[in-house]
Every structure is written in structure tokens, then in C-alpha cells.
Trainee: 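Below is a structure I'd like to ask you about.
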Amino acid sequence: MSPQVDSTAARRYSFGEAMTTLRGSQKSSKGAAAYSRFVNRPLGRVFAALAASLGLAPNTVTAISALFTFTGLVLVATIPPSAVLGIGVALLLGIGYALDSADGQVARLSGGGSLAGEWLDHVVDAIKTSSVHVAVVIAWFRFTDLAPGWLLIPLVYLIADNARFFGLVLSDFLRRLDRGSSKMILKREGTTSTLYSLAVLPFDYGLLLLSFVLFAWMPAFVVLYGLLTLANVLVLPVAFRRWFREMKRLGSA
């Protein structure tokens, strides 16, 4: 989720040059969960360097990301669970997620992002956030003997995920509005410990996509998915309270 350049006439970089440039223009890791911090962003940097070397525009990278993600979700909803399917879906979603990080990094190589590009990125993310849980509902309904009440779990997760995503995006927008700049803050004061990054892992999309490795072992998948649902529901009031208090401080400054 990051600003993008809308232009298709971006500068062409070599892979090595792009990697070197991107190392100095990364988003702050402050508050980031472990998968996003240690796996997704570094992998996204590699994809961004590759995209830049091929002359791909950020919006093109967004489209490729969506293709990988929604291919995986269609497979979840249409093919009976198996070990091969679970690993394949985790890989597709993982590549899609890394490309979602890469589009913004490609934009930074081009000198910044456009509002149109950021809008596209957030809209695709919003659709993805809903679709992953819809795919799980369909799969449980079609391929398991779970009682109907179990289908409420993905629906509750969907609501919590969408609420958190909207709160996160809106808070970022209002911070930018308050400081009078649409630019992303690439560096923040302070650091985030590895322990904290691991503690907030249950709220990381990366752990959710990795859970599909267990898709062939449905009882284990249901338990893990249910625990992730519970964690996300419980943290939502805490996150909302923190964001609300921050917005009050900004509004009174």
C-alpha cells in the first residue's frame, strides 16, 4: 500500500542499480510485523528492481500483483483442498503480496507517487482484503462438512480485516492532511524490536497467506484461521482507540 507513479515513461534502471537505489528509499519498519518486515519488503525490493530493469510502470506491477492474488483465491474457491493446492495458493498469494510492495518501490525509483496510482493500489488492496475471506467461506461450504455456524468465522474475520484496513488508510490520509503533504514518510524516529514484530504477526497478511499451506489438513487450518480471527477481533478496539486519540491530538494541535 504505497504511492505510485502513473507514468509509463519511467526511467530504465539496471537490476543492480535499482537494488542499490532502493536500499536507501525504504518505508519505515517502525511498527511493522515480522513477515512484512523481514520477508515481504525485501522480496518486494527484488521484484521492484526486476520491474524497473524491464521498464514496467508501477500500475502494471499492481495489475500483475492482482493477477497472482486473485488466481490463488479462485483456486481456493473452486478446487478441493490438497497439499499441492495449499502450497500453490500460498506461493501465489505470497508473490502477489510481494508485488504489492514492489509497485510503490518502483514508484519511488521514479521520484514519487501519484494520487491516481495510490488510489488504484488501495482499491485493489480493499478488494483483496474481502476476497480472501469470501474464498474461504466458499471453500468451507463446498468442500467440508463443517456446520453452518462455522461459516460465520470468515465473515467475522472479513469485517475485522476491512475495518482495520479502512482505519489504517484513513489515519494515514489524515496524518498527511494535517502536515500538508501527500508524501510518504520513509523514515521515522525510533526503532521496532524483533520481539514486537513477532508479537504483531497475527495481524500480518503474510501469516494469513502462509496458513493456506495447511489447507489440505482442514482441522488444522480451521483452528489457525479461527485463532487469527479472534486475535484480529480483539485488537480492533485497541487500534481504533489509539487512532482516535491520535486524530484528536492532531485536530487540537
Side-chain angles (χ1 to χ4, degrees), residues 1 33-36 38-40 43-44 46-47 60-103 121-166 198 200-236:
M1 298 179 295
Y35 183 92
S36 292
F38 300 119
V39 179
N40 197 60
L43 184 58
V46 174
F47 284 161
T60 302
V61 179
T62 299
I64 298 172
S65 168
L67 179 63
F68 274 93
T69 296
F70 292 112
T71 297
L73 296 181
V74 168
L75 292 177
V76 169
T78 58
I79 297 181
S82 68
V84 172
L85 175 68
I87 294 171
V89 166
L91 286 173
L92 286 168
L93 297 183
I95 293 171
Y97 190 31
L99 287 167
D100 184 42
S101 172
D103 56 9
D121 190 36
H122 286 331
V123 168
V124 171
D125 284 342
I127 298 172
K128 175 184 71 179
T129 299
S130 300
S131 297
V132 63
H133 304 297
V134 171
V136 171
V137 169
I138 295 172
W140 285 6
F141 178 78
R142 294 187 63 195
F143 305 123
T144 74
D145 297 323
L146 291 171
W150 287 92
L151 301 182
L152 293 174
I153 294 177
L155 298 180
V156 171
Y157 201 160
L158 186 155
I159 293 170
D161 233 359
N162 272 282
R164 186 170 60 87
F165 177 73
F166 181 77
L198 290 171
V200 296
L201 188 57
F203 320 116
D204 192 336
Y205 177 73
L207 182 57
L208 176 59
L209 69 86
L210 287 176
S211 70
F212 282 94
V213 172
L214 299 175
F215 207 54
W217 301 276
M218 193 56 70
F221 177 79
V222 171
V223 169
L224 178 56
Y225 187 91
L227 290 173
L228 291 176
T229 302
L230 180 62
N232 278 269
V233 169
L234 291 178
V235 81
L236 199 58

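The structure presented is a predicted model; accordingly, all values stated were derived computationally and were not measured.
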Trainee: State, with a plain yes or no, whether a side-chain heavy atom of Met218 is found less than 4.5 Å away from one of Phe143.
Mentor: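 Not in contact.
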
Trainee: Using a 3.5 Å distance criterion without hydrogens, assess whether the side chain of Ser65 forms a donor-acceptor pair with backbone atoms of Gly96.
Mentor: yes

Trainee: Could you tell me the separation between the OH atom of Tyr157 and the OG atom of Ser130, rounded to the nearest 0.5 Å?
Mentor: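 Atom-to-atom, Tyr157:OH and Ser130:OG are 13.0 Å apart.
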
Trainee: Under a 3.5 Å distance rule, please check whether Arg142 uses its side chain to pair with a backbone N or O of Ala77 as donor and acceptor.
Mentor: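 Side chain of Arg142 to backbone of Ala77: a pair is present.
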
Trainee: Heavy-atom distance under 4.5 Å between the side chains of Asp161 and Tyr205, does that happen here?
Mentor: no

Trainee: What heavy-atom pair brings Pro154 and Val136 nearest, and what distance separates the two atoms?
Mentor: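 Between these two residues, the closest heavy atoms are CG-CG1, 3.8 Å.
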
Trainee: Grab the two heavy atoms, one from Val124 and one from Ala66, that are nearest each other, plus how far apart they are.
Mentor: CG1-CB, 4.0 Å

Trainee: Quick one: CZ on Phe215 to CG on Leu224, what's the gap to the nearest 0.5 Å?
Mentor: 12.5 Å

Trainee: Parallel, tilted or perpendicular, judged at 30° and 60°: which one describes the rings of Phe221 and Phe212?
Mentor: tilted

Trainee: Of all the heavy-atom pairs spanning Asp204 and Ala34, show the shortest one and how long it is.
Mentor: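 That would be OD2-N, 4.0 Å.
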
Trainee: Leu155 and side chain to side chain contact (heavy atoms under 4.5 Å, CB included): which single residue from Thr229, Val137, Val134 fits?
Mentor: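 Among Thr229, Val137, Val134, the one that satisfies the side chain to side chain contact (heavy atoms under 4.5 Å, CB included) with Leu155 is Val137.
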
Trainee: To the nearest 0.5 Å, how far apart are OG1 in Thr69 and CD1 in Ile64?
Mentor: 12.0 Å

Trainee: Find out whether Leu209 and Tyr35 are in side-chain contact, i.e. whether some heavy atom of one side chain is under 4.5 Å from a heavy atom of the other.
Mentor: yes

Trainee: I'd like to know if the side chain of Asp103 reaches the main chain of Thr60, judged simply by a donor and an acceptor atom lying under 3.5 Å from each other, with no hydrogens or angles considered.
Mentor: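 The answer is no, because no donor-acceptor pair under 3.5 Å joins these two groups.
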
Trainee: Quick one: are Val61 and Phe47 in side-chain contact, heavy atoms under 4.5 Å?
Mentor: no

Trainee: If I compare all heavy atoms of Ala126 with all of Asn162, which pair ends up nearest, and what's the gap?
Mentor: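 Smallest interatomic distance, heavy atoms only, reads O-OD1, 4.2 Å.
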
Trainee: Which value, rounded to the nearest 0.5 Å, describes the distance between Leu228 atom CG and Leu207 atom CG?
Mentor: 5.0 Å

Trainee: Does any part of the side chain of Val89, heavy atoms only, come nearer than 4.5 Å to the side chain of Leu85, both counted from C-beta?
Mentor: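 In short, these two side chains touch, coming nearer than 4.5 Å.
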
Trainee: May I have the step-by-step check of side-chain contact (heavy atoms from CB on, under 4.5 Å) for Trp140 and Val222, ending in yes or no?
Mentor: CA-CA 9 Å; Trp140 285 6; Val222 171; 3.7 Å; yes

Trainee: OH of Tyr97 to OG of Ser36: how many Å apart, nearest 0.5 Å?
Mentor: 2.5 Å

Trainee: How far apart are the closest heavy atoms of Ala83 and Ala216, and which atoms are they?
Mentor: N-CB, 3.2 Å

Trainee: Is there a donor-acceptor contact under 3.5 Å from the side chain of Ser211 to the main chain of Leu208?
Mentor: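 Answer holds: yes.
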
Trainee: Any donor-acceptor pair under 3.5 Å linking the side chain of Asn232 with the backbone of Ala160?
Mentor: no

Trainee: Closest approach of Ser131 and Phe70, non-hydrogen atoms and distance?
Mentor: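 Closest approach of Ser131 to Phe70: OG-CE2, 3.7 Å.
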
Trainee: Find the distance between OG1 (Thr62) and CG (Asp100) and round it off to the nearest 0.5 Å.
Mentor: 7.0 Å

Trainee: Do Leu93 and Leu73 come close enough that some side-chain heavy atom pair is under 4.5 Å?
Mentor: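 The answer is yes; the side chains approach within 4.5 Å.
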
